[in-house]
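Quick notes on the structure that follows.
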Number of protein chains: 2
Amino acid sequence: MGMGTGTWRIADLACEFGVTARTIRFYEDKGLLAPRREGGQRVYEARDRVRLALVLRGRRLGFSLDEIAAIVDMYDAEPGEAGQLEYLLGQIDIRRADLEQRRDDLDQTLAELDAVATRCRDHLARLRAGS
Amino acid sequence: MGMGTGTWRIADLACEFGVTARTIRFYEDKGLLAPRREGGQRVYEARDRVRLALVLRGRRLGFSLDEIAAIVDMYDAEPGEAGQLEYLLGQIDIRRADLEQRRDDLDQTLAELDAVATRCRDHLARLRAGS
DNA sequence: CTTTACGTTGACGTCAACGTAAAGCACCCC
DNA sequence: GGGGTGCTTTACGTTGACGTCAACGTAAAG
């Protein structure tokens, strides 16, 4: 860390998470992050780091920033009234369906790649054995 | 199908897979598809459909078209010589690692969404029970 | 043979997710 | 006070993945 205990500057986070400062500022612009300011400079705390990690995980999964915002916002939604809670449950179901579709796609792709690899190794073995 | 048995026109595929004809032509431009031509018009056969399905699955997974091209090309790579086979096996390993990282991310996200949902339902129950 | 629907190839527009460059403030060091 | 480092904002550039539009060919129906 580059500051008082438990706080980080933008370059610290950028380095740690392997992104540029520009990217982090861009995410803030899009409402994905909201760090404290200390004399104009951004100061990140633990919860900001967690949010950034969530955003980057969403990115690895191929979600758009809008989708990521929707997901991350579910995490720290305040309880609220019954209607809100039911709405949130509905949104979660939608995301769940999406994620499970992705897992199916993913498992299929993995299985097929394995099949190709097996075919590959078979062929190699045959080659080495002198056809 | 809109033509002789086992062949389709571009609009047929577009409708069936829920994309526009423009998208299909774009994929061809990028080398992801290579349909037969019949008097200037594209004619798709079963293998073209399979390839399109693979491309769209890759898209759902959030891969770029370049990555998709790399993956799909592994599927119908000809055996070739030993060097080629070893290179292909290496590429497959890289893809595998990527896909497995994604699955980890995915499972974590699913688990966390479930946790949120559970919290949500608990709160709802407490609300209905009169605080 | 004309109409109508669907196809083709460019070419340019658009949107997301940043990259990059410019210009300026704050602080530290010598 | 000159130089360096690190931060800030503003603004324009870039790339990928298409959408959209114009201008034109073609195939099937009446």
Side-chain angles (χ1 to χ4, degrees), chain A residues 1-4 7-45 48-49 51-73 98 105, chain B residues 1-5 7-45 48-49 51-73 98:
Chain A
M1 10 178 169
M3 307 187 65
T7 74
W8 296 264
R9 291 167 308 173
I10 194 166
D12 301 326
L13 283 193
C15 174
E16 177 178 352
F17 287 98
V19 297
T20 68
R22 172 71 174 98
T23 297
I24 296 181
R25 291 196 197 98
F26 183 72
Y27 291 164
E28 180 176 347
D29 228 52
K30 294 292 162 182
L32 292 167
L33 298 173
R36 223 176 63 211
R37 296 297 182 116
E38 215 166 86
Q41 316 234 150
R42 295 170 173 85
V43 176
Y44 299 87
E45 303 182 17
D48 298 312
R49 286 192 27 164
R51 276 186 80 94
L52 179 54
L54 289 177
V55 170
L56 294 179
R57 198 177 64 191
R59 190 174 79 160
R60 283 196 302 273
L61 287 172
F63 286 112
S64 76
L65 292 188
D66 284 0
E67 291 173 315
I68 292 175
I71 295 175
V72 173
D73 285 350
D98 187 358
D105 285 337
Chain B
M1 11 178 166
M3 307 187 66
T5 0
T7 75
W8 296 265
R9 290 168 308 174
I10 194 166
D12 301 326
L13 284 193
C15 175
E16 177 179 353
F17 286 98
V19 298
T20 68
R22 172 72 174 96
T23 298
I24 297 181
R25 291 196 199 98
F26 183 72
Y27 290 164
E28 180 175 347
D29 226 53
K30 294 293 164 181
L32 292 168
L33 299 172
R36 222 177 64 211
R37 296 298 182 114
E38 216 166 84
Q41 316 229 155
R42 294 168 173 86
V43 175
Y44 299 88
E45 304 181 17
D48 298 312
R49 286 192 28 165
R51 275 185 82 95
L52 179 54
L54 289 177
V55 170
L56 294 179
R57 197 176 66 191
R59 191 174 81 162
R60 283 197 303 274
L61 287 172
F63 286 113
S64 76
L65 292 188
D66 284 1
E67 291 172 314
I68 293 176
I71 296 175
V72 173
D73 284 350
D98 186 358

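What you see is a predicted model, and the numbers here were worked out from it, not measured in a lab.
The phosphate of D:dT8 has OP1 or OP2 within less than 4.0 Å of a side-chain N or O from A:Arg42. Contact annotation: A:Arg25 side-chain N/O to D:dT8 OP1/OP2 distance is under 4.0 Å.
If you measure from atom CD of B:Glu38 to atom C1' of C:dT8, you get 15 Å, rounded to the nearest angstrom. Atom-to-atom, CZ of B:Arg9 to C1' of C:dA5 comes out at 9 Å; the value is rounded to the nearest Å. If you take CG of A:Asp12 and C1' of D:dC7, they are 12 Å apart, rounded to a whole angstrom.
The nucleotide C:dC15 finds its pairing partner in D:dG16, both defining distances of the Watson-Crick or G-U wobble pair being shorter than 3.5 Å. When Watson-Crick and G-U wobble pairs are counted only if both distances are under 3.5 Å, D:dA29 pairs with C:dT2. Using Watson-Crick or G-U wobble geometry with both donor-acceptor distances under 3.5 Å, C:dC28 finds its partner in D:dG3.
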Base versus backbone protein contacts along nucleotides 11-28 of chain C [heavy-atom cut-off under 4.0 Å; B, S, -]: ------BBBB--------
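Put simply, the side chain of A:Asp73 never gets that close to the backbone of A:Ala70: no donor and acceptor are under 3.5 Å apart. Formation of a donor-acceptor pair under 3.5 Å by the A:Arg37 side chain with backbone atoms of A:Gly40 is found in this model.
Side chains of B:Arg36 and B:Glu45 form a contact here, defined as non-hydrogen atoms less than 4.5 Å apart. Using a 4.5 Å cut-off on side-chain heavy atoms (C-beta onward), B:Ile10 and B:Glu28 make no contact.
Checked for salt-bridge contact, A:Asp48 and A:Arg51 miss the test: no charged N lies under 4.0 Å from a carboxylate O.
In this structure, the separation between CD1 on B:Ile68 and OH on B:Tyr27 is 6.5 Å, given to the nearest 0.5 Å.
Backbone-only contact: A:Ala11 has heavy atoms under 4.0 Å from sugar-phosphate atoms and none from a base.
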